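For reference, the structure is listed below as structure tokens.
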Amino acid sequence: MAKSPGRGRSKVDATASPKAGAKAKAKPVKAVAAKVATAKKSAQTTVPPPVFGAGGRADLVDTASGVGVLSPRTGDLPGQDSEFLTSAQGVRIPHTDDSLKAGRRGPVLMDDFHLREKIMHFDHERIPERVVHARGVGVHGEFTSYGTAGDLTSAGFLASDVTTPVFVRFSTVVGSRGSADTARDVRGFATKFYAAEGVFDLVGNNIPVFFIRDAIKFPDLIHAAKPEADLDVPQASTAHSTFWDFVSSIPESPHMLMWVMSDRAIPRSLRMMEGFGVHTFRLINDARETVLVKFHWKPTLGVHGLEWEEAQLLAGLNPDFHRRDLYQAIAAGIFPQWELGVQVFPDTEDQTFEGIDLLDSTKLVPEELAPVRPIGLMTLNRNPTNFFSETEQVAFHVGHLVAGIEATDDPLMHGRLFSYLDTQLTRLGGPNFDQIPINRPQSPVNDNHRDGFMQMRVPHGRTPYLPNALGGGCPFLADASSGGYEHIPRPVMGPKTRARAETDNFSQATMFYRSLTALERQHVVNAFSFELSHVDAPIVVQRMLAMLANVDTELCELVATALGEQAPVGTPNDDVEPSAALSMIRDEVYPVDGRVVQILATDGSDLDGITALCDAITAAGGFAHVVAPRKGVLRSDGRVLAVDRTLMSASSTDADAVLLASGSAALAQPGVRTYIEIAFRHGKSVGAWGDSCETLREWNLGEDDPGVFLTDSAVDLADPLIEAMGGHRHWSRFNANLLVTQN
Ligand code: HDE
């Protein structure tokens, strides 16, 4: 665990200043934030209202530090190295609030080159969003390899104890750029390794299999899943007719559908998801021996989902829930980590393992058959400086491979090998996207490419071709001994055909469903019931039920009941072995890094108790937020405490636990009761101390209920609460026998 001292935020109370306690424990980065906040505050109190046309705002610059109060100065960054506003041509601009006109009320003049340039640039600020995975969030980090893959691959960044910078972009697939984070969807998990030997991109998902087996079906899949073509609804949702029309006709889709209808598709946090390379890759070692592998990312915080209702509420209340969760954790020094691992298979001629076709991306290999070998640790530790420049412009490509790692013959992968370069031409405007800072390799480059839109380099010499004598034969070609990328010679032959390999489309879907706990199965049933109830064509519903009948009889019958349909009879494979690795509900306790506790309080509440509790939660790696009827400070017994959120702006969906502080009798109101009951309904810890325990009991939340903590003092709450949050939710509150009707 990357624990940094003083991370999180102390809520220590202070009589003098509500924020004094927070400063005491602040990390350097927070010290800067505090300084800017103080500067802003003083600016607010001392600066007169803005005067349009008054020119620069030197009055808002902290002359001691050089930091702009309203807009921080970025020093010598290219394009931001003038302290004056300039045109794009570097001409200083004296006035940017009125266009140049013939008189105060007259028409605008053509010779206002500043207006023309400003509007021209603004008009072209947008680039096309990604055709899929448009909604994303990116962060920087580093990957340190254990060296345990050294016998498998010559890839330098996987040698012992090598640290490589990375940039990771998480995403949803279907929604547009402004859609909600918590939509039910696959999550993209794309990692760019800036290795010393070149860039390696692992462009994966949080689900190890895919809907289709061949890239030629991808445009069909996405056209069906995106908002319907005539009316452009619904946004970021597969709960509509065209999606189910398509997948119900795709024989290989049942396995992926099980995953997407499970809680994997509504993660609690991007920090709490697994990642998978999906396809099989070939690794080549120094002796030119090969193995086949599947890549896995395992989060140290465990794999956890949201409740479905919670995800729905968040889509409205806090559509940025996942990106905020990630940014806040990293900003507080709570760095998420994943272990990279590989499942290793012999590189046999038929490229199968235990009868599983390794070139079929609708299949996984159960970890019971091939354990995941850990090969390195990734730590995400830096938020982007500029969303557009980094997160929006990062260009991943399945074909960004380094020596020692090769693609295999998976037809899904092959389509991707074409697509990811091609799409950048439209999105980033030409073939020079590799020169954008976030895409630049951190290894030396000499590619002989020339010209093209937005060429940023000024290459020298007159011989951008090989072979050449005039340029001294430069740049030289690298063979394997010089780190050159080598494609291992393998026989590839077969009749030209549009046919596909035989497969069993249902057994792994059955395996997935039957590996889940009863509660998780109930969630899958509910998800199918919800989604299919939005389908307006009976034929599609019947086709889907026929498909489910071959996955599992219970599943099919329960979904059919919810839809008021007759369940067809199928022939599920009853011989499948469940795989424990597929269930998310495990009897384990995980670190509470970045988990949020809300403490509802008001004037007169036990501020000492709140402060002590906040300290304990912060020390454990969590966040403690004081939620009160209004902003500002709470007062009690001559003491004050800062309020973080108001009851109007907060919701229990933002938290992992909700507490009612002692001395909060004024909060015994219906709105607060609902607030806490929603947390309870979503399986979260709730609690109170002192005289507020009685309020919870009156609301039928007693100590006999699992995950309800009622104690005499605030400090007594800390340990049981923190331990409970490490278990994610109180599953015993849910009655899985109420399948379909209860979520
Ligand atoms: Fe993608 N996919 N994809 N995909 N994909 C894109 O590339 C494509 C597939 C994945 O954060 C696009 O730059 C085809 C599987 C991620 O920037 C595009 C097929 C998996 C991301 C594209 C697939 C993925 C993308 C859109 C059928 C999991 C986001 C913009 C074979 C292993 C990367 C872009 C980011 C993005 C094509 C299927 C993962 C159009 C043709 C399977 C994580 O090139």
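For clarity, every value in this text was computed on a predicted model and none was experimentally measured. Just follow the structure's listing: the first ligand is 1, and inside any ligand the first atom is 1.
Within the sub-2.8 Å shell of atom 1 (Fe) of ligand 1, the protein contributes these N/O/S atoms: Tyr420 OH.
Looking at Gln424 next to ligand 1, an N or O pair under 3.5 Å apart turns up. The shortest N or O to N or O distance between Arg130 and ligand 1 is under 3.5 Å.
Of the heavy atoms in Thr423, only side-chain atoms (C-beta onward) come closer than 4.0 Å to ligand 1. Neither the backbone nor the side chain of Met413 comes within 4.0 Å of ligand 1, counting heavy atoms alone.
Note on ligand 1: His397 sits outside its first shell, no heavy atom being nearer than 4.0 Å. Not close to ligand 1: Ala395, with no non-hydrogen atom less than 4.0 angstrom away.
Protein heavy atom in closest approach to atom 28 (C) of ligand 1: Asn205 ND2, 3.2 Å. Residue, atom and distance of the protein heavy atom nearest to atom 31 (C) of ligand 1 are Leu412 O, 3.1 Å.
Atom CZ of Phe453 has 12 or fewer neighbouring heavy atoms from other residues, nucleotides or ligands inside a 6.0 Å radius.
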Indicate every side-chain donor-acceptor pair of residues 162-175 with a distance under 3.5 Å to a residue at least two apart or in another chain.
{"from": "Thr163", "atom 1": "OG1", "to": "Thr144", "atom 2": "OG1", "distance (Å)": "2.9"}
{"from": "Arg169", "atom 1": "NE", "to": "Thr391", "atom 2": "O", "distance (Å)": "3.4"}
{"from": "Arg169", "atom 1": "NH1", "to": "His133", "atom 2": "O", "distance (Å)": "3.1"}
{"from": "Arg169", "atom 1": "NH2", "to": "His133", "atom 2": "O", "distance (Å)": "2.9"}
{"from": "Arg169", "atom 1": "NH2", "to": "Ala134", "atom 2": "O", "distance (Å)": "3.2"}
{"from": "Ser171", "atom 1": "OG", "to": "His133", "atom 2": "ND1", "distance (Å)": "2.8"}

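Checked against ring-ring contact (aromatic ring centres under 6.0 Å, His included), Phe418 has no partners two or more places apart in sequence or in another chain.
Within the structure, ring pair (Phe, Tyr, Trp, His ring centres under 6.0 Å) pairs that include any residue of residues 347-374 comprise Phe345-Phe353 (at least two apart or interchain).
Among Phe167, Phe433, Phe210, the residue whose heavy atom lies closest to atom 42 (C) of ligand 1 is Phe210.
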